[in-house]
Amino acid sequence: MKTLRDVAIGDSAKVVKLHGEGAVRRRIMDMGITRGVEVHVRKVAPLGDPVEITVRGYELSIRKADAEMIEVE
């Protein structure tokens, strides 16, 4: 299983599935990260947290733990 955390800087991936449940999953979906959307990894902080991505035309920073819940292809 490949997650958003595994995508290299400058690469894009398509969201396949969101793992996690309840409020965490809802928060990720509220940010616009849903199944089938294209996500582009822009930057990763020096210690790996957070990850800056572009989704639906806007920039978004998400925590490493949240990025690991997003399965991509």
Side-chain angles (χ1 to χ4, degrees):
M1 177 181 84
K2 183 178 176 183
T3 66
L4 186 57
R5 185 75 187 103
D6 302 323
V7 178
I9 298 169
D11 288 347
S12 295
K14 185 176 178 182
V15 176
V16 176
K17 185 177 181 183
L18 295 176
H19 297 277
E21 38 187 82
V24 176
R25 182 180 172 139
R26 181 85 242 161
R27 190 178 77 243
I28 292 171
M29 291 175 72
D30 287 345
M31 290 188 280
I33 303 169
T34 55
R35 188 174 43 187
V37 75
E38 192 79 15
V39 178
H40 177 77
V41 178
R42 295 188 41 143
K43 296 185 227 173
V44 177
L47 296 176
D49 202 13
V51 178
E52 187 176 304
I53 62 172
T54 301
V55 59
R56 298 181 189 264
Y58 67 94
E59 278 103 38
L60 178 67
S61 291
I62 60 172
R63 292 179 291 194
K64 184 167 55 174
D66 292 343
E68 289 171 349
M69 291 184 206
I70 304 167
E71 186 177 338
V72 296
E73 63 179 6

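What's counted below: heavy atoms across the whole structure, side chains too, no hydrogens, waters or symmetry copies.
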Between the CD1 atom in Ile62 and the CD1 atom in Ile33, the distance rounded to the nearest 0.5 Å is 4.5 Å
Only one of Leu60, Thr34, Val15 passes side-chain contact (heavy atoms from CB on, under 4.5 Å) with Val55, and that residue is Leu60
The complete set of salt bridge (Lys or Arg N to Asp or Glu O under 4.0 Å) pairs with one or both residues in residues 7-20, sequence neighbours excluded, reads none
Residues passing the side-chain contact (heavy atoms from CB on, under 4.5 Å) test with Arg35, sequence neighbours excluded, are none
Value for CD (Glu68) from CZ (Arg5), rounded to nearest 0.5 Å, stands at 6.5 Å
d(Ile9 CD1, Arg42 CZ) to nearest 0.5 Å is 11.5 Å
Q. Would you say the side chain of Leu4 lies within less than 4.5 Å of the side chain of Val51, judging by non-hydrogen atoms?
A. no
Q. In the single-linkage hydrophobic clustering (I, L, V, M, F, W, Y; side-chain heavy atoms under 4.5 Å), do Val72 and Val37 co-cluster?
A. yes
Test of understanding: clusters of I, L, V, M, F, W, Y form through side-chain heavy atoms closer than 4.5 Å, transitively. Do Val24 and Leu18 belong to the same one? yes
(message) Between Val39 and Thr54, is there a side-chain heavy-atom distance shorter than 4.5 Å?
(response) no
4.5 Å side-chain heavy-atom contact, Lys2 and Val7: yes
One should read off an interatomic distance between Ile28 CD1 and Arg26 CZ, to the nearest 0.5 angstrom, of 11.0 Å
By side chain to side chain donor-acceptor pair (under 3.5 Å), Asp6 pairs with (sequence neighbours left out) Thr3
Residues Met69 and Gly20: closest non-hydrogen pair is SD-CA, 4.1 Å
Taken to the nearest 0.5 Å, the spacing of His19 NE2 from Glu71 CD works out to 4.0 Å
All heavy atoms of Asp49 vs all of Ala45, minimum pair found to be O-CB, 3.5 Å
